[in-house]
Amino acid sequence: MSQLLHLFQKTRAKTESLCEPLEIEDYIPQPVDFASPPKWHLSHSTWFFEEMILKKFLPDYQIFNPHFGFLFNSYYQTLGERAIRTERGTITRPTVAEVYEYRKYVDQSIEKLLQNNSTPDLEELIILGINHEQQHQELLITDLKHTFSYNPIYPVYKENFNLTAQKNEDQGWLKVPEGIYQIGFEGEGFHFDNEKGRHKVFLHDFEISKSLVTNAEFLEFMEAGGYEKFEYWLDEGWSWVTENQIKSPLYWKKIEEKWYSYTLEGLKPIEPTHLLTHVSFYEAQAFATWKGCRLPTEFEWEVAADQLKWGKRWEWTYSAYLPYPKFQIAEGAVGEYNGKFMVSQMVLRGASTATSKGHERKTYRNFFHPKYRWQITGIRLAK
Ligand SMILES: [Fe+2]
């Protein structure tokens, strides 16, 4: 149990350490509906422990503030009414100081609970809360980058904190023979409900690239008119390009004929050998078509994963986010964690440089709507 307590404390401290470079003004703004302000992430991850664990397991637990459930519930219908997602940036109260007090109060209550009590049910929920908080650590930093990117003076979050300056460590193609393969999580240890239910799939033989697409390769696509020719794009992707006048990956800026991109270290020149990032599924798919290749399915990716170097980018797959054959939705609020999002989203595999250490798994199924590109996404080709 002390090991779990240690992991809990370490995770909570990590979230706060991500906020160390912030000034008080950075905690509030929310320029877009899909990204949340740091203050909201700090509160919501805390609310999760209070709502899912303390209220149920700690006798005589007094909730910190009766308004917080309404303010910091994200999407759990089971748990009642909640504030509108798009208006998180208007919530100036509670103050940041009060939010840190809330974190401290909940941390102390969890510590008390873990010292006196231990059941498998409780441990399982604490581990879920830790994994949930790790997901929010990644969102906190990628959401913050997105908010900072609106600022014409390109703020520096932290020196030597460039999450996107990596190169390929491997090259060539990996050949995988056709056959029946097992997909899904197996064994002990934490995993989300969406990756559970090991099952067989048949795969035809395929090849998957051992490297990820670089900035140089993507620049070639751009110079070949990639964003101007409908023939590379899915219909929905082409509408997205034309309606939003997309001409480059997210955060790229052309200044005097030279490409730069906004990073957490400020505006930096595009380095051709670095791995491409901040592309949507639509862009990934169009690039693959232009190359005469395709994106791997999530099953191909998982089968090949042990022989690939991964973990720098969330890699778009050409698989819709659907339930596995044995998928079951859990009862109560935790059942709302994954299952209800299984529509209109594509699966991303791997992990990114913003993913918390130890959170990644080869069976992990991340998912986003195909238009989104503010996560540290990338492209791996298959054929
Ligand atoms: Fe959440």
Side-chain angles (χ1 to χ4, degrees), residues 142 145-146 148-149 152 154 162-173 207-234 236-296 308-318 346 348 350 352-354 368 370-383:
T142 48
K145 178 174 179 176
H146 196 263
F148 273 179
S149 78
Y154 306 120
N162 187 331
L163 291 176
T164 53
Q166 297 84 29
K167 295 180 184 180
N168 275 309
E169 294 166 31
D170 209 351
Q171 279 183 10
W173 294 86
E207 291 182 44
I208 188 164
S209 176
K210 291 190 210 170
S211 60
L212 294 176
V213 171
T214 62
N215 288 332
E217 289 173 287
F218 202 79
L219 275 163
E220 266 180 61
F221 167 74
M222 288 164 67
E223 280 155 17
Y227 282 104
E228 285 108 57
K229 293 179 184 164
F230 70 87
E231 53 264 45
Y232 306 135
W233 297 81
L234 293 169
E236 218 178 271
W238 186 242
S239 301
W240 175 78
V241 163
T242 48
E243 279 162 26
N244 299 290
Q245 299 192 14
I246 305 286
K247 293 181 167 61
S248 68
L250 185 64
Y251 304 137
W252 285 35
K253 322 242 170 230
K254 203 173 196 179
I255 303 168
E256 294 172 357
E257 294 308 300
K258 225 181 141 205
W259 283 106
Y260 293 79
S261 85
Y262 175 66
T263 75
L264 288 167
E265 295 175 320
L267 197 66
K268 298 278 177 188
I270 290 290
E271 172 55 55
T273 58
H274 286 172
L275 306 180
L276 170 74
T277 190
H278 293 305
V279 286
S280 65
F281 168 81
Y282 299 134
E283 287 162 301
Q285 193 280 337
F287 177 86
T289 302
W290 172 74
K291 268 285 196 197
C293 297
R294 61 179 176 83
L295 300 176
L308 300 173
K309 299 249 193 295
W310 57 270
K312 306 278 193 292
R313 300 287 181 268
W314 284 110
E315 302 176 20
W316 285 108
T317 72
Y318 212 147
M346 302 307 283
L348 300 98
S352 89
T353 47
F368 281 102
K371 71 181 174 192
Y372 285 129
R373 50 188 195 157
W374 90 110
Q375 295 306 305
I376 299 180
T377 53
I379 310 175
R380 187 188 297 277
L381 297 174
K383 57 186 185 185

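The figures here come from the full heavy-atom set of this structure, side chains too, leaving out hydrogens, waters and symmetry mates. Residue numbers count from 1 along this sequence.
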*Take Phe281 and Leu348 through the side-chain contact (heavy atoms from CB on, under 4.5 Å) test and state the conclusion after the steps.*
CA-CA 9 Å; Phe281 168 81; Leu348 300 98; over 6 Å; no

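- A donor-acceptor pair under 3.5 Å is absent between the side-chain atoms of His278 and the main chain of Pro249, judged by distance alone.
- Of the possible polar contacts, none joining the Ser209 side chain to the Leu381 backbone as a donor-acceptor pair under 3.5 Å is found.
- One N or O on the side chain of Thr277 and one on the backbone of Thr377 form a donor-acceptor pair closer than 3.5 Å.
- Residues Ser211 and Asp170 share a closest heavy-atom pair of CB-O, 3.3 Å.
- In this structure, Lys167 places its NZ atom where only 12 or fewer heavy-atom neighbours from other residues, nucleotides or ligands lie under 6.0 Å away.
- Taking CD of Glu217 as the reference point, atom OG1 of Thr214 lies at 4.0 Å (rounded to 0.5 Å).
- Side-chain contact check for Gln285 versus Arg294: every heavy-atom pair is 4.5 Å or farther apart.
- Ser352 and Trp314 make their closest contact through CB-CD1, 3.5 Å (heavy atoms, listed as atom of the first residue, atom of the second, distance).
- When atom types are taken as modelled, the side chain of Glu315 and the backbone of Lys312 share no donor-acceptor pair closer than 3.5 angstrom.
- Put simply, the side chain of Arg313 gets close to the backbone of Leu276: a donor and an acceptor are under 3.5 Å apart.
- Inspection of the Thr164 and Gln166 side chains reveals no N or O donor paired with an N or O acceptor under 3.5 Å.
- Geometrically, Lys145 does not engage Trp374 in a cation-pi contact, judged by NZ or CZ lying under 6.0 Å from the ring centre and within 45° of the ring axis.
- Glu283 and Ser280 share a donor-acceptor pair across their side chains, judged by distance under 3.5 Å alone.
- Proximity of Trp316 to Arg380: side-chain heavy atoms (C-beta onward) are nowhere separated by under 4.5 Å.
- Ile379 has its side chain out of reach of Leu212: every pair of non-hydrogen atoms, C-beta onward, lies at least 4.5 Å apart.
- Using a 4.5 Å heavy-atom cutoff, the side chains of Ile376 and Thr142 are in contact.
- Scored by the ring-ring contact (aromatic ring centres under 6.0 Å, His included) test, Tyr282 finds Trp240 as partners (sequence neighbours excluded).
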*Please lay out, stage by stage, how Leu163 and Leu264 fare under the test side-chain contact (heavy atoms from CB on, under 4.5 Å).*
CA-CA 7 Å; Leu163 291 176; Leu264 288 167; 3.9 Å; yes

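- Taking CZ of Phe221 as the start and OH of Tyr227 as the end, the distance is 6.0 Å to the nearest 0.5 Å.
- Aromatic rings from Trp233 and Phe230 are positioned such that their centres are separated by 6.0 Å or more.
- Here the side chains of Lys210 and Gln171 are not in contact, with every heavy-atom distance at 4.5 Å or above.
- When side chains are defined from C-beta on, Trp290 counts as touching Glu220, because their heavy atoms get closer than 4.5 Å.
- Among residue pairs with one or both ends in residues 241-264, none qualify as side chain to side chain donor-acceptor pair (under 3.5 Å); sequence neighbours excluded.
- With rounding to the nearest 0.5 angstrom, the CD1 atom of Ile208 is 12.0 Å from the NZ atom of Lys383.
- Here the options are Tyr372, Tyr318, Phe368, the test is side-chain contact (heavy atoms from CB on, under 4.5 Å), and the partner is Met346; only Tyr318 passes.
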*Just do the side-chain contact (heavy atoms from CB on, under 4.5 Å) check on Thr353 and Asn162 with the steps written out, would you?*
CA-CA 9 Å; Thr353 47; Asn162 187 331; over 6 Å; no

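- A pairwise comparison of heavy atoms in Arg373 and Leu250 identifies NH1-N, 3.3 Å as the closest pair.
- A heavy-atom distance below 4.5 Å is not found between the side chains of Thr273 and Asn215.
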